[in-house]
Structures are given as C-alpha cells and as structure tokens.
Participant: 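Handing you a structure now.
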Amino acid sequence: MNTVILLKKRPVGKPSPGDFEFTSEAIPVPPTGNVLLETLYVSVDPYLRGRMNDSKSYVPSFELGKPIQSGIIAQVIDSTHSEFRKGDYVSGNLEWKEYQVSDGIGLIKVDPKVSPLSSYLGILGMTGLTAFLGLTEIGMPKAGETIVVSGAAGAVGSVVGQIGKIMGCRVVGITGTDEKAELLKSKFKFDHAINYKTSDDLKEAIRIACPDGVDIYFDNVGGEISDAVLSNINKYARLPVCGAISQYNDTKTPVGPRLQPILLTKSATMRGFIVRDFSAKFPAGNKQLAIWLKDGKLTYAETIVDGFENIPQAFIDLFDGINAGKMIVKV
Ligand SMILES: NC(=O)c1ccc[n+]([C@@H]2O[C@H](COP(=O)([O-])OP(=O)(O)OC[C@H]3O[C@@H](n4cnc5c(N)ncnc54)[C@H](OP(=O)(O)O)[C@@H]3O)[C@@H](O)[C@H]2O)c1
C-alpha cells in the first residue's frame, strides 16, 4: 500500500499534527509514457504554511482533503517515459506520497555522484538559489560592507552569510540558540552571531556587532527582529525581504514601527522577492553554487528527520527552530 499525507484542516496559528491526515491507497500503475516514483527525501519549507491558508498568494492554496506538495527527491522505479529510465534520480515539486506517477513535466534529473541527493533540496536547490539571487540581485554586496542576516542558521540564511563572506563583506547572523550562534561562527565563518532569544536589547546588540552600521539586511523573519535591524541601517542600505516566518502563524495583522521615515532618511531600498522572479538566472546560479561547493568555499548543514510519518512534525518544528540548516525528511 501507498501512504499519502493530506491537508485535513487549515491551521489556525501554529500548525498542529491534527491539521494533517494519513491515508493509504494502492500503489498506482503508471500509464504508458509515465514514470512511477518512489519518494526518498522530502523538503519541508516555511512557505508551505502560506499555502495552507485559504487566501490568494503567489502560489495556489492547498486544497482540503488533497495531498500536500513540496520539493521531493525520488527514484524512478518503473518507466515507459522517453527521457527517464528506471533507476534515475529526480527532483520535482511532488506530492507527499510514498509512491506516485508523473508524466515527467517539471522533473529534473539529479546525480548522487556529483552531490548527495539531499543537497538538491537545499544548497543546490531552491534555498541555495534564494540565498544567492536574493543577495546578489537585491543586496548587491560590495567588499567591505556589513551584512546582517536573520534566520541565519537556516537553509537560506546560512548560505547568504557564506556568500557574503566570499564577496568580502563583514557578516553578522541572528539566530535562536547559542548552539546555532556558535555554528554560524565555526562552520559558516560569520564574523559575529546574536541569539535573539537571550538578547535583552537586540537593537543595541546589533549596533555593537555592526560598528560601521548595516549596509544590507537579508530578512528571513520579519517582525521585531527586523525592526531592531532597521534602526541600525546605513544610508543607501539594501534590504532584500526574503521571508517573514515570525508572522506566518499570526491570526491578526501586527502593527509595528512605521518604516517610511527610516527608509526615506536613509535613502534605503527594501524589496520583497520570490525566488521565481529570477528564474532566468537559475542555471547560472546553480552553476556558481556548485563551483563554490566543489572548491570548498561553501558548505552546508542539514537536519535530517527519519521516516515518512514524521513529515508533518518536521514541518511544524520549523516554527520552533528545531533545525540547523535545511530541514529534510528521509523516507
Ligand atoms: N522569497 C523566497 O522565494 C523564499 C524562498 C525560500 C525561503 N524563503 C523564506 O526564507 C525564510 C527562511 O527559509 P528556510 O527554508 O531557510 O527556513 P529555515 O531558516 O531553514 O527554517 C526556519 C527557521 O526560522 C526560524 N524561526 C522560526 N520561527 C521564528 C520566529 N518566530 N522568529 C524568528 N525566527 C524564527 C527558526 O530558526 P531560529 O532558531 O533562528 O529561530 C527556524 O529554524 C522563511 O521565511 C521562508 O519563508 C523565501
């Protein structure tokens, strides 16, 4: 039998296990010209939370009673497709099912001899591209500048900081535990790291960590952390708004500092983006990330959770900061 995970209820606030439902069905038989895939690695991502709401956004909402989808690495176990052979490994936006049929559209072959399979969900996948393109296209770092990254020890943040270092910047990360702050400095070579959960005065901690002010703020979290960074920005600062995880479970629209006077007086540019905005640059971005990875200039961390049945909890755990680096479920 084939286990499938459906969206049972739209979460209110932080998602809970009861929002998901496990069902089973017969393993499908692929029609001619299709492939049968076996799921190996499942990416859980903060943006999936937005797709669980019944609201219009840049990707359609998940439907109640239907399987959830995310980035998945799978193996072709049966094929009559002209481009995919039995044994091939592929990456795609697929359903939370142990086995599924695909017509091949949107599948990309990945090679475990080039890089471990799970890395195609992180550094060589969507989150690596988000870090690279958000930082270079909107942050436009110049050597000697100061970059602050929030969500710094996560999949996107840890790559942003390392690319900032490659580009000759001073990099300060904000994260939620002392262990992750240590990881930022030891593994990812950040110049400084701040634990926002234990800092009494985050605005002051950022001011001390950035004696020359903040030129680029790569924002993964929004909310009060971002308010504290914004009060430290320099003239002509650039602020790529990548994510706002601190607000994804909000049930009311929060009211924060009004940003216009800061942006105005600092001639600063704040720009939201969805990585797909830069899809024309994906091949070049992937190539650059793979080169840096091969040359040892980039590294990555993963939190691998074992077991298909643990996918919903791994997703929920993103909101408690359980992960360091990319959160992935190994099936
Ligand atoms: N624009 C795009 O195209 C795009 C693409 C990919 C991702 N994103 C966004 O980028 C951000 C990072 O994504 P990711 O995949 O790399 O996830 P991630 O950072 O690997 O995981 C989420 C992390 O967010 C932090 N967090 C959770 N709740 C928080 C809160 N209330 N306040 C502050 N931090 C909180 C936790 O770390 P701590 O322990 O540090 O709290 C957690 O580990 C997300 O906001 C995501 O939506 C955007």
Side-chain angles (χ1 to χ4, degrees), residues 13-15 42-53 57-59 70-71 93 118 121-123 125-135 137-139 148-163 172-184 188 190 193-199 202 217-229 239-250 254 256 270-279 281-282 285 300-305 314-329:
K14 191 177 148 192
V42 178
S43 173
V44 289
D45 300 88
Y47 83 93
L48 300 174
R49 176 65 187 85
R51 294 194 69 185
M52 292 172 189
N53 294 334
S57 188
Y58 61 95
V59 267
S70 67
N93 192 40
S118 57
L121 294 175
I123 188 125
M126 189 267 286
T127 55
L129 286 169
T130 302
F132 177 69
L133 293 166
L135 182 64
E137 294 293 316
I138 302 175
V148 172
V149 190
S150 56
V156 174
S158 57
V159 179
V160 169
Q162 293 181 81
I163 297 173
V172 174
I174 304 176
T175 186
T177 67
D178 287 346
E179 292 72 27
K180 289 201 236 179
E182 205 39 55
L183 186 76
L184 290 179
F188 299 121
F190 282 50
I194 300 169
N195 179 348
Y196 71 91
K197 288 188 181 158
T198 54
S199 170
L202 192 54
Y217 172 45
F218 194 102
D219 190 359
N220 282 313
V221 305
E224 288 175 10
I225 294 172
S226 299
D227 296 343
V229 183
L239 296 90
V241 179
C242 174
I245 191 167
S246 74
Q247 295 167 241
Y248 292 171
N249 294 324
D250 283 352
M270 187 177 208
R271 179 178 159 195
F273 73 99
I274 302 300
V275 65
R276 260 196 340 222
D277 300 345
F278 303 116
S279 53
K281 302 202 170 172
F282 284 0
Y300 63 97
E302 294 173 331
T303 299
I304 306 254
V305 174
F315 166 68
I316 294 166
D317 284 347
L318 289 169
F319 298 95
D320 289 323
I322 302 296
N323 61 308
K326 182 77 192 89
M327 183 74 117
I328 290 169
V329 178

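Numbering of ligands and ligand atoms starts at 1, following listing order.
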Participant: Students should be able to answer this: which protein heavy-atom is nearest to atom 25 (C) of ligand 1, and at what distance?
Facilitator: Ile245 CG2, 4.2 Å
Participant: I need the nearest protein heavy-atom contact for atom 4 (C) of ligand 1: residue, atom name and distance, please.
Facilitator: Thr130 CG2, 3.6 Å
Participant: Any nitrogen or oxygen of Pro46, side chain or backbone, less than 3.5 Å from one on ligand 1?
Facilitator: no
Participant: Identify, for atom 33 (C) of ligand 1, the protein heavy atom at the shortest distance, and state residue, atom and that distance.
Facilitator: Tyr196 OH, 3.3 Å
Participant: Answer yes or no: does an N/O atom from Met126 fall short of 3.5 Å to an N/O atom of ligand 1?
Facilitator: no
Participant: For ligand 1, is Lys180 a contact, meaning one of its heavy atoms is under 4.0 Å away?
Facilitator: yes
Participant: Please report which non-hydrogen protein atom sits nearest to atom 45 (O) of ligand 1, along with the residue it belongs to and the distance in Å to one decimal place.
Facilitator: Asn220 O, 2.8 Å
Participant: So is Tyr248 polar-close to ligand 1, meaning N/O to N/O under 3.5 Å?
Facilitator: yes
Participant: Before signing off on this row, confirm whether Lys326 and ligand 1 have an N or O atom pair separated by under 3.5 Å.
Facilitator: no
Participant: What about Gly243: any of its N or O atoms under 3.5 Å from an N or O on ligand 1?
Facilitator: no
Participant: Would you call Arg271 and Asp219 a salt bridge, using N to O less than 4.0 angstrom?
Facilitator: no
Participant: Starting from atom 21 (O) of ligand 1, which protein heavy atom do you reach first, and at what distance in Å?
Facilitator: Asn323 ND2, 3.3 Å
Participant: Evaluate Val221 for polar contact with ligand 1, using N/O atom pairs at a separation under 3.5 Å.
Facilitator: no
Participant: Looking only at protein heavy atoms, which one is nearest to atom 23 (C) of ligand 1, and how far off is it?
Facilitator: Leu318 O, 4.0 Å
Participant: Heavy-atom count around Glu137 CD within 6.0 Å, excluding the residue itself: above 12?
Facilitator: yes
Participant: Look at atom 3 (O) of ligand 1 and say which protein heavy atom is nearest, naming residue and atom and giving the distance to 0.1 Å.
Facilitator: Val275 N, 2.7 Å
Participant: N/O to N/O below 3.5 Å, does that happen between Thr175 and ligand 1?
Facilitator: yes
Participant: Is the shortest N/O to N/O distance between Asp45 and ligand 1 below 3.5 Å?
Facilitator: no
Participant: Counting both backbone and side chain atoms, is some N or O of Phe273 under 3.5 Å from an N or O of ligand 1?
Facilitator: yes
